[in-house]
Amino acid sequence: MKKIVVLTGAGISAESGIKTFRDANGLWEGHDVLEVATPEAFARNPELVLDFYNQRRKQLLEVLPNKAHFNLVKLEQNFHVEIITQNIDDLHERAGSKNVTHLHGELLKVRSTADENDILEWKKELVLGNLCKKGSQLRPHIVWFGEMVPMLDKAAQITQTADILVIIGTSMQVYPAASLVNYIKPNTHIYFIDPKPAISKNDFNNLTIIKNVASSGTDELLNILQV
């Protein structure tokens with residue numbers, strides 16, 4: 001069975017009503033990213049950071065997977081599918097995708113500030129005073145700017161095994177995630193789905209650009225791959 005590796009970014013969740021990570025003016029839901037998504041921000045103003053993610057978590061629990069998420073599940077009928085996502089939502093899992101690797105963490109999990117491997121499922125508000133079993137404050141299980149991306153090596157290993165690479169709703173401008181395309185085998189076919197593609201046909205060999213939003217673009221992909 002051929003293996004498809006899918007790299008997804010904010011564009012696939014946008015149609016579910018989740019704001020993209022950085023909109024046109026460099027803000028995330030009205031906040032400067034440096035105020036809410038760095039270790040320094042958490043040290044400086046933990047209440048603001050926790051409240052920001054509480055709002056994101058609440059929003060996530062109110063939205064649903066969209067057609068693009070479900071289309072990727074359909075691919076599993078004919079292919080072995082691995083999804084590597086930059087998104088911190090759980091919409092791939094809720095749609096039914098079996099193999100999902102989160103590069104930037106997960107919004108519905110928290111972890112100990114003292115032990116990064118002490119991770120808990122979490123769907124309610126997270127406040128100061130919520131402690132791990134060893135007595136340290138819990139924080140969002142999110143990879144903030146300036147932090148290591150612990151799942152990157154696993155993602156690179158998965159990408160190396162792709163027979164087909166599909167990129168959806170990500171500009172491929174944000175590193176280290178954008179570097180994953182460098183790990184594919186020679187002559188791997190790439191499908192790039194985005195309404196405003198940031199790459200051109202000449203950037204990669206065997207590249208097909210589908211200039212469309214994620215839902216319609218994955219419809220086209222299913223037709224091309226005859227799923």
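Hydrogens, waters and symmetry mates are skipped; everything else that's a heavy atom, side chains included, is used. Quick caveat: nothing in here was measured; it's all calculated off a predicted structure.
In this structure, NZ on K201 lies 5.5 Å from OG1 on T208, to the nearest 0.5 angstrom. Taking CD1 from I12 and CD1 from I193, the interatomic distance works out to 8.0 Å, rounded to the nearest 0.5 Å. Note that the CG atom of L138 and the CZ atom of R111 stand 11.0 Å from one another [nearest 0.5 Å]. For the atom pair CG of L165 and CG of N206, the computed distance is 11.5 Å after rounding to the nearest 0.5 Å. Between the CD1 atom in I164 and the CD1 atom in I4 there is a gap of 4.5 Å [rounded to 0.5 Å]. In this structure, NE2 in H189 is found 7.0 Å from CG in L207, a value given to the nearest 0.5 Å.
The shortest heavy-atom contact between H102 and D89 is CE1-O, 2.9 Å. Residues A43 and P46 approach most closely at O-CD, 4.0 Å, considering heavy atoms. The heavy-atom pair separating V5 from A162 by the smallest distance is CG2-CB, 3.5 Å. When all heavy atoms of Q59 and G17 are compared, the closest pair comes out as NE2-O, 3.5 Å. Here the closest heavy-atom approach between residue P65 and residue F70 is recorded as O-CE1, 3.7 Å. Closest heavy-atom contact between G11 and A214: O-CB, 4.1 Å.
A 4.5 Å side-chain heavy-atom check between D219 and K67 finds at least one atom pair inside the cut-off. Proximity of D90 to V100: side-chain heavy atoms (C-beta onward) are nowhere separated by under 4.5 Å. When side chains are defined from C-beta on, V49 counts as touching W144, because their heavy atoms get closer than 4.5 Å. By the 4.5 Å heavy-atom criterion applied to side chains, K74 and L221 are not counted as neighbours.
The environment of K3 atom NZ is dense: over 12 non-hydrogen atoms of other residues, nucleotides or ligands sit within 6.0 angstrom. Other residues, nucleotides and ligands contribute over 12 non-hydrogen atoms within 6.0 Å of the CD atom of Q160. Under a cut-off of 6.0 angstrom, the local environment of CG in N205 is sparse, with at most 12 non-hydrogen atoms contributed by other residues, nucleotides or ligands.
A salt bridge does not link E93 with K109: none of the charged nitrogens is closer than 4.0 Å to a carboxylate oxygen.
T170 contributes no side-chain N or O that, together with a main-chain N or O of T8, makes up a donor-acceptor pair within less than 3.5 Å. Side-chain atoms of S13 do not come within 3.5 Å of backbone N or O of A10 as any donor-acceptor pair. Remark: side-chain polar atoms of E15 are not paired, donor with acceptor, to backbone N or O of A68 under 3.5 angstrom. Remark: side-chain polar atoms of T188 are paired, donor with acceptor, to backbone N or O of K185 under 3.5 angstrom. Under a 3.5 Å cut-off, the side chain of Q137 and the backbone N or O of V127 do form a donor-acceptor pair. In terms of modelled atom types and a separation under 3.5 Å, the side chain of H104 and the main chain of I88 share no donor-acceptor contact. Between the side chain of N87 and the backbone N or O of G9 there is at least one donor-acceptor pair closer than 3.5 Å. Between the side chain of N54 and the main chain of L50, a donor-acceptor pair closer than 3.5 Å is present.
The cluster map of Ile, Leu, Val, Met, Phe, Trp and Tyr, joined by side-chain heavy atoms under 4.5 Å apart, puts L128 and I142 in the same cluster. Note: the hydrophobic cluster containing I119 does not contain V149 (ILVMFWY, side chain heavy atoms under 4.5 Å, direct or indirect links). Residues V110 and L61 share a single hydrophobic cluster, defined by chaining ILVMFWY side chains whose heavy atoms lie under 4.5 Å apart. Hydrophobic clustering, with ILVMFWY side chains joined whenever heavy atoms are under 4.5 angstrom apart, keeps I168 apart from V73. Under the 4.5 Å side-chain heavy-atom criterion for Ile, Leu, Val, Met, Phe, Trp and Tyr, I190 and I209 are members of the same hydrophobic cluster.
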**Message:** Between L225 and Y191, does the side chain to side chain contact (heavy atoms under 4.5 Å, CB included) criterion hold? Intermediate values first, please.
**Reply:** CA-CA 11 Å; L225 298 176; Y191 294 92; 4.0 Å; yes
**Item:** Derivation and outcome, side chain to side chain contact (heavy atoms under 4.5 Å, CB included), residues L103 and L152
**Value:** CA-CA 6 Å; L103 277 180; L152 189 63; 4.2 Å; yes
**Message:** One pair to check against side chain to side chain contact (heavy atoms under 4.5 Å, CB included): M151 and I158. What are the steps and the verdict?
**Reply:** CA-CA 11 Å; M151 301 304 285; I158 292 169; over 6 Å; no
In residues 77-84, what donor-acceptor pairs under 3.5 Å come from side-chain atoms, sequence neighbours left out?
| residue | atom | partner | partner atom | Å |
| --- | --- | --- | --- | --- |
| H80 | NE2 | E82 | OE2 | 3.4 |

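Pairs passing the side-chain hydrogen bond (donor to acceptor under 3.5 Å, both in side chains) check and including a residue from residues 112-121, sequence neighbours excluded, read D118-K133.
The aromatic rings of H92 and H69 sit perpendicular to each other, their planes meeting at more than 60°, with 30° as the lower class boundary.
A cation-pi arrangement is absent between R57 and Y53 under the rule of less than 6.0 angstrom and at most 45 degrees off the ring axis.
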